[in-house]
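The shown structure was predicted, so the numbers you read here are calculated from the model rather than taken from an experiment.
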Amino acid sequence: MHVIAEARGRGAGAAMLEHLLAQAADMGLSRVSLETGSGPDFAPARRLYGQRGFVECPPFGDYLPDPHSTFMTRPCPGPA
């Protein structure tokens, strides 16, 4: 997910994340995991994910450890 600089700080990223989490819950998923960058430019994204309950985790799926990546996961609540 990327929000252009001109639109940052208006809640677009948070709204998209909430929408995606609601969709995952409606689909009956038990967990949502993501990969994001590990550098300073990605700190706002990691902060947003952390505020929504994501915690760092090991690589998942076909991902391999990568110093440029941060892997995060959180349980998914039941359908709304």
Side-chain angles (χ1 to χ4, degrees):
M1 172 171 40
H2 177 78
V3 177
I4 61 172
E6 296 81 15
R8 290 184 192 148
R10 298 182 192 167
M16 179 59 72
L17 182 56
E18 292 300 327
H19 174 75
L20 293 171
L21 291 172
Q23 290 294 306
D26 288 346
M27 293 171 60
L29 300 180
S30 61
R31 180 158 295 281
V32 177
S33 301
L34 60 87
E35 178 275 339
T36 190
S38 61
D41 290 344
F42 293 90
R46 293 191 305 271
R47 190 168 38 257
L48 172 65
Y49 300 137
Q51 291 168 346
R52 298 308 189 277
F54 284 86
V55 295
E56 289 191 30
C57 67
F60 50 86
D62 292 333
Y63 283 108
L64 298 173
D66 183 336
H68 302 289
S69 292
T70 297
F71 303 95
M72 302 181 84
T73 191
R74 65 162 270 178
C76 190

- Query: For residues T73 and R31, is any side-chain donor paired with an opposing acceptor at under 3.5 Å?
  - Reply: yes
- Task: Kindly give the heavy-atom pair with the smallest separation between A25 and C76, and that separation in Å.
- Result: N-SG, 3.4 Å
- Task: Quick one: closest heavy-atom pair of R74 and R52, and the distance?
- Result: NH1-O, 2.7 Å
- Mind checking the CZ-CG spacing from R46 to L34? Nearest 0.5 Å is all I need. 11.5 Å
- Checking side chain to side chain contact (heavy atoms under 4.5 Å, CB included) for the pair F42/T70: CA distance, chi angles, key distance, verdict? CA-CA 9 Å; F42 293 90; T70 297; over 6 Å; no
- Is there a path of hydrophobic side-chain contacts, each under 4.5 Å between heavy atoms of I, L, V, M, F, W or Y residues, that connects M72 with L20? yes
- Student check: side-chain heavy atoms of P59 and L64 closer than 4.5 Å: no
- Between CD1 on residue I4 and CD on residue E6, distance to nearest 0.5 Å: 4.5 Å
- Tell me, with the steps shown, if V3 and M16 meet side chain to side chain contact (heavy atoms under 4.5 Å, CB included). CA-CA 10 Å; V3 177; M16 179 59 72; over 6 Å; no
- Task: Walk me through it: do L21 and F54 pass the test side chain to side chain contact (heavy atoms under 4.5 Å, CB included)?
- Result: CA-CA 11 Å; L21 291 172; F54 284 86; 4.0 Å; yes
- Note on the structure: Nearest heavy-atom approach of F71 to S69 is CZ-CB, 3.7 Å
